[in-house]
Amino acid sequence: MSETIFTKIINREIPADILYEDDISLAFSDINPQAPVHFLVIPKKPIATINDITEADRELVGHLYLVAAQVAREKGVAEDGYRVVMNCGEKAGQSVFHIHLHVLAGKPLGWPPYTDKMKQA
Ligand code: AMP
């Protein structure tokens, strides 16, 4: 897999607002937040998309959710509620091909997450 900007964040080659780190994962604020709280949780292992997750990654993927919940608690949004999203592929809006959970909170979040304009497409 070719290197993405997230590998550069893991390797501290570019700056990020890092919220949590352990041996296998990293959480940091999204540079273009879509809600008052918007952070990303990534594995350090570069996996391009959900389609590339294998049996060997089962525990790792579960770990990302535990980190998401922990950082949400630390941010004070766990009780009010938050959304966790992982986009898969270009049509779903994935722009960085290194899997990541988006964690969004701090305002009422609409559902379903698409617009009438998108429905016509
Ligand atoms: P996606 O479109 O689902 O692949 O999400 C990629 C996310 O990465 C977007 O929400 C971007 O704002 C975010 N992003 C891209 N570059 C950076 C960066 N250098 N630091 C933090 N977040 C970033």
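Read the numbers this way: they start at 1 and go in the same order the structure lists the ligands and their atoms.
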Report task. Determine, using heavy atoms of Gly93 and all atoms of ligand 1, whether some pair is separated by less than 4.0 Å. Result -> yes
**Report entry** Separation between NZ of Lys44 and CG of Leu60, rounded to the nearest 0.5 Å
**Finding:** 11.5 Å
Query raised in the report: What distance separates Asp57 CG from Lys45 NZ, expressed to the nearest 0.5 Å?
Result: 3.5 Å
Query raised in the report: Does the side chain of Lys75 come within less than 4.5 Å of Val103's, by heavy atoms?
Result: no
Report task. Report yes if Val96 has an N/O atom closer than 3.5 Å to an N/O atom of ligand 1; otherwise report no. Result -> yes
Query raised in the report: By number and element, which atoms of ligand 1 are closer than 4.0 Å to a non-hydrogen atom of Ile9?
Result: 18 (C), 19 (N), 20 (N)
Query raised in the report: For ligand 1, does Phe97 get within less than 4.0 Å through its side chain, its backbone, both, or neither, judged by non-hydrogen atoms?
Result: neither
Requested in this report: Check whether any heavy atom of Asp17 sits under 4.0 Å from an atom of ligand 1.
Outcome: no
Requested in this report: Considering heavy atoms of the protein only, find what lies nearest to atom 21 (C) of ligand 1 and give residue, atom and distance to 0.1 Å.
Outcome: Ile31 N, 3.3 Å
**Report entry** Any side-chain heavy-atom pair of Thr49 and Gln94 under 4.5 Å
**Finding:** yes
Report task. Can you sort out which atoms of ligand 1 are near Asn87, meaning under 4.0 Å from one of its heavy atoms? Result -> 3 (O)
Report summary line: One should read off an interatomic distance between Leu26 CG and Phe39 CZ, to the nearest 0.5 angstrom, of 12.0 Å
Report summary line: For Val41 and Leu64 the tightest heavy-atom approach is CG1-O, 3.7 Å
Report task. Flag Ile5 as yes when one of its N or O atoms lies below 3.5 Å from any N or O atom of ligand 1, and as no otherwise. Result -> no
Query raised in the report: Looking only at heavy atoms of His100, does any of them come nearer than 4.0 Å to an atom of ligand 1?
Result: yes
Query raised in the report: Heavy-atom contacts under 4.0 Å between Phe6 and ligand 1: side chain, backbone, both, or neither?
Result: side chain
Query raised in the report: Under 30°, 30 to 60°, or over 60°: which ring-plane class applies to His98 and Phe6, parallel, tilted or perpendicular?
Result: perpendicular
Requested in this report: Would you tell me which option among Ile99, Val85, Asp30 has the nearest heavy-atom contact to atom 12 (O) of ligand 1?
Outcome: Asp30
Report task. Check ligand 1 against His102 and write out every atom of the ligand that is under 4.0 Å from a heavy-atom position of the residue. Result -> 1 (P), 3 (O), 5 (O), 7 (C), 10 (O)
Requested in this report: Using a 4.0 Å heavy-atom threshold (strictly under), name the region of Ser95 that reaches ligand 1: side chain, backbone, both or neither.
Outcome: both
Report task. Mark the output for Ala92 as yes if a heavy-atom distance to ligand 1 is under 4.0 Å, and as no if none is. Result -> no
Query raised in the report: Do Leu101 and Val67 touch side chain to side chain, with heavy atoms closer than 4.5 Å?
Result: no
Query raised in the report: At what distance, to the nearest 0.5 angstrom, does NE2 of His100 lie from CG of Asp30?
Result: 8.0 Å
Report task. Check ligand 1 against Asn32 and write out every atom of the ligand that is under 4.0 Å from a heavy-atom position of the residue. Result -> 12 (O)
Query - ligand 1 versus Gln34: contacting region, heavy-atom distance under 4.0 Å - result: neither
Query raised in the report: Measuring from Arg83:CZ to Trp111:CH2, what's the distance to the nearest 0.5 Å?
Result: 5.0 Å
